[in-house]
Amino acid sequence: MPFERILVAIDGSEASNRAFGKALELAALAKADLTALAIEGPLPAYAATIAEVDEVKREKDLFFDALASRAREQAARDGIELTVVVRAGHAAEVISSFAAEGGYDLIVLGHKGHFLRDHLLGSTADRVAEHAACPVMIVR
Amino acid sequence: MKENGSMVRRVLVATDRSETAEVAVRFAAEMATRFGADLVLVQVVIPPATTSVAMTEDLVRHARELAGDHGFGTVVVGDDPAKAIIEAAETEDVDVVVVGNVGMSGRKEFLLGNVPNRVSHGTRRTVVIVNTMQRVEEQAQKKRRFFR
Amino acid sequence: MSDIAIAALLAGTILIASTVSVEIGLSVALIELLGGFVVGNAFSIDVPSWLSFIGSFAGIVLVFLAGAEVDVPQFRREWRASISIGLVSFFAPFAVVGLLCYYGLGWNHRQAEIGGLALSTTSLAVVYAVLVETGLNRDLVGKRIMSATFVTDIGTVAGLTILFIKPTIWIVPFVAASIALIVGLPRLSPWFFGRYGDRVIEPEIKLVFAILFLLMWLGDRANSQAALPAFVLGLVMSSHYVQHRMEQERMRVVAFAFLTPFFFLKGGMSVSAHALWANLGVLAILFVGKMVPKFGGVYPLARRFTAPHATFTTLLMSTGLTFGTITSLYGLNAGIIDRTKFSLLIAVVILSAIVPTAIAQRFFQPRAGHDRERVGS
């Protein structure tokens, strides 16, 4: 049954904020469980020093902690109890596998235009739609 | 944008009346019911095939079965299904466009891009892509296990 | 080009490299190496002596930092399981590549040793990034891999310091000063850092730099290289840095803002595109020469100690970057290897940073249960 467990991907961008807003509305209307998933992008590949990896990791942790608490506050204002999960990896892959593992009925995500990459590889949204087992809502 | 109660007021779904497309249609119908929205079925006819009154009537009947008074159907003609769906979304002024993902990895569509992707890139409306091929993910997992 | 013009060009390259690194998610060192390669070959610039000097110092600073970043308590717990993997991961490619260079490619004795050393390494940082990303760094498997990597690194720095030493009287002060500093610095530092630390003028960084320069000078006089004492010095200071995160951070800032970029640029600039192009076959042979003994040596042990992630472990142990670059640059500066051999070694080192890592992440990365996950309440 759709709309009982909704997963929304957040990354702090304008597009993802719109998607998050829409997901909150949907969840409120459908009285669904809402989970926000944030993806920490990959750490610098092929690093020469541990220091470089550590610094990037620390910055990411700070950023995502702030993002998660902002999202929870916004959801609380709408009376929704939000679960926030931060995971590492490549966005499209993690979002689709997380949704499958958690038995979600719908994935909501924003469409972030990135001209060159979209045309070469497809956007994250395209790739999630390609791999996800459940319907994927792409919010403009 | 004004949201009077619900942000989902009109849901459009594209179908070629095939079994796979019906997966997307059922999802759209469920969504429309859940949010009290109109359901608009759109069937694209690619020339040289032509439309007929019977085809439209059948589509409308199907929409009524699914959504009662809220069900609508429209048949449009166009060479390019993606473009036709985007235009139908404009004329019908819907909030959400639902499409199935059949053919998403098609080699033929490499240059132009496939229909669901082009719909989602070409419209300003919210798009839901429904996985109508349940086996896609299972196959991907099998492939991964093989390499591990 | 004048020195100033070159400096300006390189400073621009360093700036661009750092922004590119952030944009595309590749390490800044790799981009600096590639940037140096492009700039050096496009403008046909030879490495100026000032750059060579800063680069050599930066190399020693990198070794010190690598030592300081080792998790010593963790190593104490895991060394038994890791020491065999680490030693084999060092000796197998060292021997195979060395013999291959000597008998197969006609390099002389010392050149073959440089070749073997440069390709014996395992990159602590590459391995660390992969482990942190998967969350495996908290698991036993990850800890064992890190410890094994550390053992391999010790092999490389020890080889670098000991293999090329020539018996002169200068060995005595070099060894004596190394031991005195390794024993003395951890005892001296609490007082020194307590009294002079935590200031913008950074006496503690200056102390470390002065010591490293002293070791470099003595090592040079002994026809050796200060890699081993610098690494061990980093090791004995690691617990201090764990307690004083700010100090470590400031040390890193100085190193990354000014020193290491010049080191990697210098490495890239010294690579000749022409030499690579003319010797693609040799390049392939050397790459295989590193990979085959790593696999043959590490895989059987990994099946025992890091199962079920033996292939993953083996691939990670086959990576290399910083220490391979340091070894190759040492060989070039000391006049042991020429630019062609240097170019080949660096190219193989960079390939070994990328190819095994990418394969490990794409096909062998453990997934379930190892996500770097933090669930909000």
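Naming: A, B, ... by sequence-line order, numbering from 1 per chain. Computed from heavy atoms alone, side chains included, the values below leave out hydrogens, waters and symmetry copies.
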Engaged part of C:Ser21 at the chain A interface, taking heavy atoms whose separation is under 4.5 Å: side chain

For a quick test of reading the model, state the closest non-hydrogen atom pair linking C:Ser27 to A:Ala47 and the distance between them. CB-CA, 3.3 Å

To the nearest 0.5 Å, what is the distance between CD (A:Glu52) and CG (C:Leu65)? 12.5 Å

Side chain, backbone, both or neither: which part of C:Val28 has a non-hydrogen atom closer than 4.5 Å to chain A? both

Check: C:Glu249 and A:Glu55 side chains under 4.5 Å, non-hydrogen atoms: yes

Flag, side chain of C:Glu133 to backbone of A:Leu43, donor-acceptor distance under 3.5 Å: yes

All heavy atoms of A:Ala48 vs all of C:Ala125, minimum pair found to be C-CB, 3.4 Å

A:Ala51 versus chain C, heavy atoms under 4.5 Å apart: side chain, backbone, both or neither? both

Tell me which of these, C:Ala129, C:Ala68, C:Ala255, has more heavy-atom pairs under 4.5 Å with chain A than the rest. C:Ala129

Proximal component of C:Phe264, with respect to chain A [non-hydrogen, under 4.5 Å]: side chain

Select, from A:Val53, A:Asp54, A:Ile50, A:Thr49, the one with the greatest count of heavy-atom pairs under 4.5 Å involving chain C. A:Ile50

Name the region of C:Ile24, side chain, backbone, both or neither, that has any atom closer than 4.5 Å to a heavy atom of chain A. neither

Straight-line distance of C:Leu26 CG to A:Tyr46 OH, nearest 0.5 Å: 7.0 Å

